[in-house]
Amino acid sequence: MLAKKKHKVQRWGSYKITFMLTLGLLLIFTAVFPNTVKATTSVYTMTAFTNTSESNMYIYESYNATHYGLLKGPAYTPPASDLIRDPSIMKHTDGLYYVVYTTNWSGNTIGIASSPDKMNWTFVRNITLSTPTPIAHTWAPEWFKDTNGSVNIIVSLSPGNYENFKPYVITASSSNLASTSWSAPTVLAGIAPNYIDTFVVKTGSTYHAFTKNETTKYIEYATANSLTGPYTFKGTGDWAGWGSWVEGPALVQLDNGSWRMYFDGYADHKYYYSDSADNFQSWSAKQEIAGLSGMVRHMTVLREAGQPGDIRKLESFNVPGSFVRHYNYQARIDSSVSPAEDAQFRIVPGLSNTAGISFEAMNYPGYFLRNNNGNILLVKNDGSAAFRDDATFKRVNGLANASWSSYASFTNPNLYLRHYDNILRLQPVVTTLDKQDATFREIAQ
């Protein structure tokens, strides 16, 4: 018994030593790499055509599904004289992004293009659709990936004269979208003629269809237990309070689990969104998409997880309640920030060196705080080495309070971010006041 007890003591001693060594290494790693980005931020990618061009696709990105910044535009122009109306985006199992789109006002084809990075797009193919009755107009194709792994396209078909559109589904026979054959179009039963722009999502075993009634000009809501129906309408007329003369519904699930619908208020030349937190039973009042309302047309949004970056507010040490924010692309500190997102930044791995950090505006994706001859401006990343150097900083213990943070230029560590007359600058720090001006607290969002 004594030998067993002695063995247990020795074993505990070994565990204790191992634990202390591991803890020590972790503390050393944290001290050496205090600016390692730990969190991730979802990114929302929007594909749209615009009021200025139905032959070019534009790509926008957002970190909150509300404020979008231009990623690239035009990003893709179809071959020949094809249009790219109603582009719908998805990410496929082959790692590529795909859009499917309306190729022309009339005809029986839809187009597909692909991209490895959402920036560079290549035409893949046109798909020709055929039904027992003639197809005069083929509009608003939308990707739908079912829980069984199938890849489907919901598309609106009209027999002629731009009337009596009905939603159909085609299904890919294999995962190779460049060469796969597609099933014959199958109508979504229960949705009568003269419905267009049908968008389907699935929760549990229920399929939810949002579709525009071309007679009343309302977006209506139906459900089914099968993708092809029969669908039963649950919300008709102005059931959700969005009003009429709206179309092109597109849904995405947000980080908090609620659903956001975007739709085109084409009569008043505005683009709106509305949220539902109770499985589509009720919806928030519609709001315009800041910066893009009146410009983008019939789009979809893809949500992806895993973008590195901690969303933070930076509070001034010696002006409590004031935060770093951008205003007219100038960085400054203010106590009252509107909109609130102007004071929220994604702290991401340094653009020029991942041992440093960079500050990306949460509501202007792709725009970073950058040194410009001592002034700190919010500037779009142009990809140059000079930009990367000017936008990379080294996080250190706060100069006025070690539990806060200070930020030195990565290329010139004698210069620090500090506020002076409320304006953010990059300057040497000498006096006690300088050190206080250069100290900030990161507040998680």
* To do: Evaluate salt bridge (charged side-chain N to carboxylate O under 4.0 Å, His left out) for E304 paired with K91, printing each intermediate quantity in order.
  => CA-CA 9 Å; E304 296 177 273; K91 190 171 186 181; 3.8 Å; yes
Are [X] and [Y] side-chain neighbours, meaning at least one heavy-atom pair lies under 4.5 Å?
X    : Y    : answer
F323 : F440 : no
Q307 : T40  : no
I110 : Y101 : no

* Please name the residue in the list K286, K217, R297, K270 that meets the salt bridge (charged side-chain N to carboxylate O under 4.0 Å, His left out) test with D264. =>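 Looking at K286, K217, R297, K270, the match for D264 under the salt bridge (charged side-chain N to carboxylate O under 4.0 Å, His left out) is R297.
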Testing the 3.5 Å rule here: is there a donor-acceptor pair between the side chains of [X] and [Y]?
X    : Y    : value
N56  : T77  : yes
Y416 : N412 : no
R418 : S406 : no
S276 : D278 : yes
S150 : N152 : yes
N401 : S403 : yes
Y272 : D268 : yes
H92  : S175 : no
T109 : T103 : yes
Y195 : Y231 : no
N120 : S115 : no

For [Y], does its backbone N or O pair with a side-chain atom of [X] as donor and acceptor, under 3.5 Å?
X    : Y    : result
S88  : W143 : yes
D434 : T431 : yes
S316 : S322 : no
D389 : T392 : no

* On the ring face of Y273, is R260 found with NZ or CZ under 6.0 Å from the centre and within 45° of the axis? -> yes
* Run the salt-bridge test on D146 and K202 with the 4.0 Å N-O cut-off and return the result as yes or no. => yes
Report the residues that fulfil side chain to side chain donor-acceptor pair (under 3.5 Å) with [X], sequence neighbours left out, ordered by chain and then residue number.
X    : answer
D238 : none
T411 : S409
S55  : none

* Are more than 12 heavy atoms from other residues, nucleotides or ligands located less than 6.0 Å from atom OH of Y162? ->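 Atom OH in Y162 is packed in, count exceeds 12.
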* To do: For atom NZ of K118, decide whether the heavy atoms of other residues, nucleotides or ligands shown that lie under 6.0 angstrom number more than 12.
  => yes
Verify whether the ring centers belonging to [X] and [Y] lie closer than 6.0 Å.
X    : Y    : result
F345 : Y364 : no
Y221 : F210 : yes
H326 : Y367 : no

* Aromatic rings F393 and F359: how do their planes relate, parallel, tilted or perpendicular, breaks at 30° and 60°? ->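 The arrangement is tilted - the two ring planes meet at 30° to 60°.
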Which pairs would a plain distance check flag for residues 241-248, meaning a side-chain donor or acceptor within less than 3.5 Å of a matching protein atom at least two apart in sequence or in another chain?
{"from": "W242", "atom 1": "NE1", "to": "S274", "atom 2": "OG", "distance (Å)": "3.1"}
{"from": "E247", "atom 1": "OE1", "to": "K212", "atom 2": "NZ", "distance (Å)": "3.0"}

* T102: partners by side-chain contact (heavy atoms from CB on, under 4.5 Å), with sequence neighbours left out -> R85, D86, W139, P141
* Asked: With sequence neighbours left out, what residues match V337 under side-chain contact (heavy atoms from CB on, under 4.5 Å)?
  -> R325, D334, D342, A343
